[in-house]
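Since the structure comes first, as structure tokens, the remarks are kept for the end.
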Amino acid sequence: MQWRSIVVALVVLRLTVSCLLWLAFGLGPSWGFNFPLNLNFNLHKIELFKQDDGESAKANSWSQRLHGHGDAQCRTSCANKEDSPKKSYLSLFEGDRDEYDRRYSSFPDTLKIKMKGMAKDMFYFGYDNYMKYAFPEDELNPIDCQGRGPDVLNPSNININDVLGNYSLTLIDTLDTLLVLGNVSEFHRAVKLVIDTVSFDKDSTVQVFEANIRILGSLISAHILLTDPKHPFGNVGLEDYDNELLHLAHDLAVRLLPAFENTSTGIPYPRVNLKSGVPPDSINETCTAGAGSLLVEFGILSRLIGDSTFEWVARRAVRALWKLRSNETGLLGNVVNIQTGQWVSKQSGLGAGMDSFYEYLLKSYILFGEKEDYRMFQASYESIQNHLRRGRESCNEGEGDPPLYVNVNMFNGQIMNTWIDSLQAFFPGLLVLNGDVEEAICLHAFYYAIWKRFGALPERYNWQLQAPDVLFYPLRPELVESTYLLYQATKNPFYLHVGMDILESLEKNAKVRCGYATLHHVVDKSKEDRMESFFLSETCKYLYLLFDDDNPLHKSENKYIFTTEGHVVPIDKRFREKQWNDLSPCEKCDRIPEERRYSLPLKSVYMRQIDHMVGLF
């Protein structure tokens with residue numbers, strides 16, 4: 001197979017470079033392999049060999065933590081080099097520092113307008129073809145130009161059936177994106193279509209989490225935008241609108257409630273049948289994000305209709321999960337048994353199965369002002385920093401590996417594997433919301449380097465082998481979302497260049513006859529005939545907003561957040577007792593000085609370091 005040959009060739013090349021670096025500097029690639037003679041090939045702090053405190057030295061290099069190499073081993077293995085002059089590891093990447101400055105330090109307004117138009121065209125190419133070839137089915141097959149609904153012939157196909165419920169998913173998920181693009185008339189038409197054609201009285205078994213974020217969240221968002229003239233888009237009310245979207249949202253939420261019944265812990269079942277409730281053969285295992293990321297949508301619904309039931313069950317699930325965290329580390333696992341409260345998967349990380357749990361602790365606090373939510377977020381964040389984070393202490397200063405958040409055992413903090421997944425690219429955006437902009441800059445640069453190498457984010461990337469572990473890319477939005485939020489925080493043109501790279505990669509690698517297709521393989525760019533709804537709901541939305549400085553969302557005096565599915569939700573006094581300014585998540589947020597606005601957000605030596613570490617050179 002051609003791609004295997006490519007990987008083998010890359011590994012051979014990597015080993016060759018490692019040997020040359022070792023001969024020249026006594027160094028090798030930081031995220032590399034184990035070699036004979038206990039040589040620890042680390043492109044990290046060369047001063048390691050001068051330190052007396054082995055643990056302090058290892059703190060800057062998570063590759064050493066993984067392999068268990070101590071300072072003494074390095075001294076023994078490298079004793080023959082002790083008399084040689086020591087060079088700083090980062091000196092390898094100094095070179096022509098202006099290379100990155102020249103590429104990223106400016107972004108002409110004409111190019112910004114062009115990219116905005118390109119993002120708009122991308123959305124409408126997918127949306128128009130969905131409406132032409134797929135509606136009222138859930139998704140568009142962009143290669144065959146056909147609609148896709150649940151896989152009724154194979155109920156066990158949860159990859160499809162967890163998401164597709166035979167309820168015009170893509171149309172519903174896309175409602176507020178139409179307003180973001182300024183298309184009020186199409187927004188009104190889409191709302192009328194949803195009101196006239198969508199029913200949840202279906203024999204469809206769907207995942208509670210997916211139905212909540214994609215359907216319930218969009219219906220609530222569109223309802224608020226229709227009825228509240230104070231929101232950023234102004235008065236876009238629809239004549240004769242009688243809260244039908246809110247009624248649909250309520251109906252769906254009622255059909256999801258059986259998931260919270262007959263569970264010993266209060267943690268919900270992962271799936272329900274919209275007509276009959278929890279299936280008799282339902283499993284008792286669910287992931288932390290799936291059970292703990294319902295509070296934003298359920299909470300808003302409760303406060304809109306005056307029924308506390310929905311917020312109560314969602315908050316009970318969060319509290320139940322919180323009680324199960326490790327007493328030693330404060331971390332939660334990935335998969336839990338809802339009846340026994342035992343952890344089925346003890347892996348703790350920031351990606352699939354856990355990501356939006358942390359996101360919704362912070363966003364629930366922002367929306368509702370409940371201090372309990374922020375206390376949980378603060379405690380989680382401290383545990384994440386103490387046990388998941390590896391690399392140098394400061395993003396933009398010092399030596400050592402760049403910051404990275406790894407997957408660990410929830411009970412002892414030991415690394416469980418050497419991969420990260422693409423969903424983790426959301427975390428820089430969450431760091432921005434929490435005011436940790438410098439940390440967000442550094443982590444974002446790592447995911448962007450992976451994108452530059454492959455023209456996409458592989459679903460899993462092995463940071464030790466510098467190769468994808470899982471090769472597909474389903475047009476996910478997480479990197480785009482973090483790019484957008486970092487641009488809003490810094491206004492640095494670097495992030496416009498990132499957005500342009502992503503746009504051009506999608507146009508080149510994913511565009512097909514009737515839309516944009518999932519990349520089956522990020523190396524050979526083969527495709528799968530599927531365009532998930534989040535591509536239009538999130539990926540295109542964030543790309544468009546990145547280049548649209550004059551968007552009403554950016555000009556409005558009213559504040560808002562995005563749900564985990566990218567739906568616009570105002571921060572409204574109806575949802576909280578105190579205003580956002582009175583309850584800022586960070587008392588002293590990490591701000592980027594104005595003078596750095598037009599310089600690289602991450603020093604070029606560190607950008608070059610990261611590019612090298614993912615195999616770009």
Side-chain angles (χ1 to χ4, degrees), residues 156-163 205-214 216-217 256 259-260 263-272 278-279 281-298 313-326 329-364 376-377 380 383-384 388 405-411 416-417 419-427 430 459-460 469-470 474 476 478 532 534 563-565:
S156 64
N157 184 3
I158 59 175
N159 182 49
I160 297 295
N161 294 331
D162 271 0
V163 178
T205 298
V206 297
Q207 192 184 90
V208 175
F209 169 76
E210 295 289 359
N212 174 64
I213 66 169
R214 301 202 199 198
L216 185 64
L256 298 180
F260 297 87
T263 160
S264 302
T265 60
I267 301 170
Y269 286 90
R271 297 173 184 88
V272 296
V278 176
D281 60 348
S282 180
I283 62 173
N284 288 326
E285 298 172 2
T286 191
C287 67
T288 301
S293 305
L294 308 171
L295 186 52
V296 166
E297 291 83 1
F298 274 43
V313 296
R315 192 171 290 281
R316 181 182 64 168
V318 172
R319 289 168 176 162
L321 287 165
W322 188 247
K323 289 178 181 178
L324 298 177
R325 68 193 187 281
S326 167
T329 66
L331 297 172
L332 292 87
N334 195 292
V335 179
V336 66
N337 186 298
I338 66 172
Q339 302 297 352
T340 66
Q342 297 297 309
W343 290 104
V344 179
S345 170
K346 300 174 180 62
Q347 175 177 300
S348 190
L350 296 176
M354 301 202 69
D355 49 352
S356 54
F357 175 80
Y358 302 118
E359 178 186 0
Y360 269 23
L361 289 179
L362 181 58
K363 289 184 176 179
S364 295
M376 287 188 285
F377 176 78
S380 296
S383 295
I384 288 168
L388 272 62
Y405 293 80
V406 299
N407 299 317
V408 304
N409 184 298
M410 65 174 288
F411 293 109
M416 292 190 68
N417 50 58
W419 54 260
I420 57 173
D421 66 51
S422 64
L423 288 167
Q424 291 176 244
F426 93 99
F427 197 63
L430 190 64
E459 190 71 354
R460 285 185 183 175
D469 272 357
V470 179
R476 290 198 189 279
E478 283 74 19
E532 294 227 34
F534 53 65
T563 70
T564 195
E565 185 71 8

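- In this structure, E210 does not pair ionically with R271, as no charged nitrogen and carboxylate oxygen lie closer than 4.0 Å.
- Summarising the geometry of G292 relative to V318, their closest heavy-atom pair is O-CG2, 3.8 Å, with the distance given to 0.1 Å.
- Side-chain atoms of Q347 and N417 form a donor-acceptor pair, as typed in the model, at a separation below 3.5 Å.
- Contact annotation: the side chain of V206 never approaches that of V163 to less than 4.5 Å [non-hydrogen atoms, C-beta and beyond].
- Here the side chains of F298 and R315 are not in contact, with every heavy-atom distance at 4.5 Å or above.
- Proximity of a side-chain donor or acceptor of D469 to a complementary backbone N or O of R460 within less than 3.5 Å is not detected.
- Looking at Y360, its side chain does come within 3.5 Å of a backbone N or O of T564 through a donor-acceptor pair.
- Nearest approach of V208 to A259, heavy atoms of both residues: CG2-CB, 3.7 Å.
- Here CH2 of W419 is found 4.5 Å from CG of N407. Values are rounded to the nearest 0.5 Å.
- A salt bridge is absent between E532 and R476; no separation between the charged side-chain nitrogens and carboxylate oxygens falls under 4.0 Å.
- At distances below 3.5 Å, at least one donor-acceptor pair connects side-chain atoms of T263 with backbone N or O atoms of I338.
- Ring-plane geometry between F427 and Y405 is classed as perpendicular, the angle between the planes exceeding 60 degrees on a 0 to 90 degree scale with a lower cut at 30.
- Here the shortest heavy-atom pairing between F534 and E565 reads CB-OE2, 3.5 Å.
- Within the model, atoms CD1 of I158 and OG1 of T205 stand 12.0 Å from one another, a figure rounded to the nearest 0.5 Å.
- Distance check: L294 CG to N212 CG gives 5.0 Å after rounding to the nearest 0.5 Å.
- When atom types are taken as modelled, the side chain of S293 and the backbone of S356 share a donor-acceptor pair closer than 3.5 angstrom.
- The two residues S380 and L361 make their nearest non-hydrogen contact at OG-CD1, 3.8 Å.
- Here the NZ atom belonging to K363 is positioned 3.5 Å from the CD atom belonging to E359, to the nearest 0.5 angstrom.
- Side-chain contact between T563 and I213: absent, with no pair of heavy atoms (C-beta onward) separated by less than 4.5 Å.
- Looking at T329, V408, L350 one by one, the single match for side chain to side chain contact (heavy atoms under 4.5 Å, CB included) with I384 turns out to be L350.
- For the pair S383/R325, no side-chain contact is recorded, criterion being any heavy-atom separation below 4.5 Å from C-beta on.
- In this structure, the side chains of N337 and W343 stay at 4.5 Å or more apart for every pair of heavy atoms.
- In this structure, CD on Q207 lies 4.5 Å from CG on D162, to the nearest 0.5 angstrom.
- Under the 3.5 Å distance criterion, with hydrogens and angles disregarded, a donor-acceptor pair is assigned to the side chains of Q339 and Y269.
- If you take CD on Q424 and CG on L388, they are separated by 8.5 Å, rounding to the nearest 0.5 Å.
- Summarising the geometry of F426 relative to E478, their closest heavy-atom pair is N-CB, 3.6 Å, with the distance given to 0.1 Å.
- Proximity of I420 to V406: side-chain heavy atoms (C-beta onward) are nowhere separated by under 4.5 Å.
- In plain terms, the two heavy atoms of L256 and A211 that are nearest each other are CD2-CB, 4.2 Å.
- Inter-residue side-chain proximity for M354 and L332 is flagged as met; some heavy-atom pair is nearer than 4.5 Å.
- Looking at heavy atoms from C-beta onward, L324 lies out of side-chain contact with T265 at the 4.5 angstrom threshold.
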